[in-house]
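Here's the structure we're looking at; comments come further down.
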Amino acid sequence: MRRLSPQAIVIVRPDACVTGTLRAHQAQPHHPAEPTAHLHSSTPRRNPQRVLPSGRRTAGGTPVKDILDAIQSPDSTSADFANIPLPESYRAVTVHKDETEMFAGLASRDKDPRKSLHLDDVPLPELGPGEALVAVMASSVNYNSVWTSIFEPVSTFGFLERYGRLSDLSKRHDLPYHIIGSDLAGVVLRTGPGVNSWKPGDEVVAHCLSVELESSDGHNDTMLDPEQRIWGFETNFGGLAEIALVKSNQLMPKPDHLSWEEAASPGLVNSTAYRQLVSRNGAGMKQGDNVLIWGASGGLGSYATQFALAGGANPICVVSSPEKADICRAMGADAVIDRNAEGYKFWKDENTQDPREWKRFGSKIRELTGGEDIDIVFEHPGRETFGASVYVTRKGGTITTCASTSGYMHQYDNRYLWMSLKRIIGSHFANYREAWEANRLIAKGKIHPTLSKVYSLEETGQAAYDVHRNLHQGKVGVLALAPEEGLGVRNPELRAQHIDAINRFRNI
């Protein structure tokens, strides 16, 4: 891999104005034949890195330990956080623009995130109006991080280039590296002009909807804003880093009974499931509905299962192993289908589906529902399952779809849709209100994190690999500034009431 050339960067900090020339990042060559769990980390800096006695490093000459000490001290005030000098650089998980063709010719399954993800020191971005800099204690890996790491379906640098053309301020995002990650739990360090609802020292989580809201189109539902983007996927400065840049209307209160890593894990998937299944912008689920949930123990499906149970619906959980079936039953679901044990093969070959398998699948569903068909299908695998989903839905029923992790080119028999008056609803993440409601349910202990395993920032490549190869359950978390798991709990009494549910997915 060639080394990137030096880049002149102006860093605007709220507490000082520093102009200088840094190498944005200069990653060491890596060896594709020898992937490891730890990311490569090498970047020349103007101020050499020092290691503190605590084991924490310094960034740009400012101890990260000062930020950590303030976060972990019960006596810290907002003024204390506002007066902590910010580092000039910080560690972040990135992909590199000059490596977008590194997997050319490989099948998706063979593309390895451990080869494309780097741990770099990057300059602190300029803080703009309506924005906040957040010290990231923990984050998590979502499937959009996998897509970014394998440059599918397109390289995310195209998103950054287009965003960079929008305004002088958005030019910050168009860089030769992309800091990824669409979840965080942490503490506000600085806020930009026009931010009134949040202040330094606030403990927060962030949802991943980034909107400009200059068009009328977005003011009924912000997901319809023409400048709607997913933070850390279609924008830069994401959450798999020690510091993140977000818009202030991405921030929500951190659930105080959860640790940092637990609080970071629901964000994207919990909000996505809420809109897709519960919101009137999605399926508008009601009591008694039969809800077919694909991948019901996974990062997205595990929240759909909880919403169905909490809302008085009847989830029919589709999984791929006895262990995953046990997880669904532990959440409270009674109707579970192990698709591998049943041997369903919805495709005869690459181009031909098998309607007989749709019918066999529908018969199994009726066995579990007392003869009833599906009211709502919670669809996210996409190509592999979509034909079956349309078929098994009842007359007048709804298929809500997002993600398409098995392929975007869906095929289905339109006779079963059109003649039975079924609906297909496209659903993408959530607006601020939906994300807030979904987070509120987490904070009240009505819905619980599905965190199974936690990695260090250096191990993000392995975490993304596990998600890519479906080696995980629920969600996988990543510690950023948090030195260990289990920190950040402020309400131990509420936690004690729900500890079994909080830990349900751990170490499985």
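Keep in mind the model is a prediction, meaning the values are calculated, not measured. Just the heavy atoms: all of them, side chains too, but no hydrogens, waters or symmetry mates, feed the values below.
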### Verdict with supporting geometry, Thr272 and His380, side-chain contact (heavy atoms from CB on, under 4.5 Å)
CA-CA 11 Å; Thr272 299; His380 54 96; over 6 Å; no

Find out whether [X] and [Y] are in side-chain contact, i.e. whether some heavy atom of one side chain is under 4.5 Å from a heavy atom of the other.
{"X": "Thr400", "Y": "Leu277", "result": "no"}
{"X": "Leu169", "Y": "Pro129", "result": "yes"}
{"X": "Gln228", "Y": "Ile230", "result": "yes"}
{"X": "Glu242", "Y": "Val136", "result": "no"}
{"X": "Ile179", "Y": "Tyr90", "result": "yes"}
{"X": "Val187", "Y": "Leu481", "result": "no"}
{"X": "Glu234", "Y": "Tyr163", "result": "no"}
{"X": "Asn144", "Y": "Leu268", "result": "yes"}

Would you say the side-chain atoms of [X] and [Y] include a donor-acceptor pair closer than 3.5 Å?
{"X": "Ser140", "Y": "Lys475", "value": "yes"}
{"X": "Glu99", "Y": "His118", "value": "yes"}
{"X": "Asn142", "Y": "Ser182", "value": "no"}
{"X": "Thr156", "Y": "His178", "value": "yes"}

Nearest non-hydrogen partners of [X] and [Y], listed with the distance:
{"X": "Ser149", "Y": "Val95", "value": "CA-CG1, 4.1 Å"}
{"X": "Val205", "Y": "Ala263", "value": "CG1-O, 3.5 Å"}
{"X": "Pro113", "Y": "Ala464", "value": "CB-CB, 3.7 Å"}
{"X": "Ala244", "Y": "Gly238", "value": "CB-O, 3.6 Å"}
{"X": "Asn249", "Y": "His207", "value": "O-NE2, 2.9 Å"}
{"X": "Ala264", "Y": "Leu184", "value": "CB-C, 4.0 Å"}

### Task
Using a strict 4.0 Å threshold on nitrogen-to-oxygen distance, state whether Asp202 and Lys199 make a salt bridge.
yes

### Query
Would you call Glu212 and Lys247 a salt bridge, using N to O less than 4.0 angstrom?
yes

Return all side-chain donor-acceptor pairs below 3.5 angstrom for residues 298-310, not counting sequence neighbours, or 'none' if the list is empty.
{"unit_1": "Ser302", "atom_1": "OG", "unit_2": "Gly298", "atom_2": "O", "d": "2.6"}
{"unit_1": "Ser302", "atom_1": "OG", "unit_2": "Thr450", "atom_2": "OG1", "d": "3.1"}
{"unit_1": "Tyr303", "atom_1": "OH", "unit_2": "Thr450", "atom_2": "N", "d": "3.1"}
{"unit_1": "Thr305", "atom_1": "OG1", "unit_2": "Ala296", "atom_2": "O", "d": "3.3"}
{"unit_1": "Thr305", "atom_1": "OG1", "unit_2": "Gly301", "atom_2": "O", "d": "2.9"}
{"unit_1": "Gln306", "atom_1": "OE1", "unit_2": "His448", "atom_2": "N", "d": "2.8"}
{"unit_1": "Gln306", "atom_1": "NE2", "unit_2": "His448", "atom_2": "O", "d": "2.9"}

### Query
When you look at NZ of Lys453, are more than 12 heavy atoms from neighbouring residues, nucleotides or ligands closer to it than 6.0 Å?
no

### Query
Has Glu161 got more than 12 heavy atoms of other residues, nucleotides or ligands less than 6.0 Å from its CD?
yes

## Note on the structure
residues 222-270 vs ring pair (Phe, Tyr, Trp, His ring centres under 6.0 Å), sequence neighbours excluded, gives Phe159-Phe233, His173-Phe237

### Query
Does anything in residues 462-495 pair up under ring pair (Phe, Tyr, Trp, His ring centres under 6.0 Å), and if so which pairs, sequence neighbours excluded?
none

Got a second to check how far [X]'s [atom1] is from [Y]'s [atom2], nearest 0.5 Å?
{"X": "Gln276", "Y": "Glu379", "atom1": "CD", "atom2": "CD", "answer": "8.5 Å"}
{"X": "Leu133", "Y": "Leu86", "atom1": "CG", "atom2": "CG", "answer": "6.5 Å"}
{"X": "Leu117", "Y": "Leu240", "atom1": "CG", "atom2": "CG", "answer": "8.5 Å"}
{"X": "Ile447", "Y": "Glu437", "atom1": "CD1", "atom2": "CD", "answer": "12.0 Å"}
{"X": "Leu124", "Y": "Arg190", "atom1": "CG", "atom2": "CZ", "answer": "9.5 Å"}
{"X": "Phe157", "Y": "Thr100", "atom1": "CZ", "atom2": "OG1", "answer": "7.5 Å"}

Hey, is the main chain of [Y] close enough, under 3.5 Å, to the side chain of [X] for a donor-acceptor pair?
{"X": "Asn281", "Y": "Ser427", "value": "no"}
{"X": "Ser404", "Y": "Gly382", "value": "no"}
{"X": "Arg172", "Y": "Glu126", "value": "yes"}
{"X": "Asn491", "Y": "Asp256", "value": "no"}
{"X": "Gln473", "Y": "Ser452", "value": "no"}
{"X": "Ser259", "Y": "Gly488", "value": "no"}
{"X": "Thr460", "Y": "Leu457", "value": "yes"}
{"X": "Glu261", "Y": "Gly486", "value": "yes"}
{"X": "Glu459", "Y": "Ser456", "value": "yes"}

### Task
Would you mind listing every side chain to side chain donor-acceptor pair (under 3.5 Å) that reaches into residues 216-226, with sequence neighbours excluded?
Asp221-Arg275, Asp221-Asn431

#### Entry: From CA spacing to verdict: side-chain contact (heavy atoms from CB on, under 4.5 Å), Met223, His428
CA-CA 8 Å; Met223 287 303 300; His428 183 41; 3.5 Å; yes

### Message
If you apply the rule side-chain contact (heavy atoms from CB on, under 4.5 Å), what do you find for Lys115 with Phe103, and how did you get there?
### Response
CA-CA 10 Å; Lys115 299 177 183 179; Phe103 297 128; 4.3 Å; yes

### Task
Take Arg91 and Glu458 through the salt bridge (Lys or Arg N to Asp or Glu O under 4.0 Å) test and state the conclusion after the steps.
CA-CA 10 Å; Arg91 296 190 307 164; Glu458 292 85 352; 2.7 Å; yes

### Summary
In short, salt bridge (Lys or Arg N to Asp or Glu O under 4.0 Å) pairs touching residues 68-86 with sequence neighbours left out are Lys65-Asp69

#### Entry: salt bridge (Lys or Arg N to Asp or Glu O under 4.0 Å) pairs, two or more places apart, involving residues 478-495
Glu203-Arg490, Glu262-Arg495, Glu485-Arg506

### Task
Apply side-chain contact (heavy atoms from CB on, under 4.5 Å) to the pair Met252 and Tyr432, showing each step before the final yes or no.
CA-CA 9 Å; Met252 304 179 293; Tyr432 193 13; 4.1 Å; yes

### Task
Test salt bridge (Lys or Arg N to Asp or Glu O under 4.0 Å) on Asp174 and Lys171 and set out the steps.
CA-CA 6 Å; Asp174 184 9; Lys171 287 178 183 178; over 6 Å; no

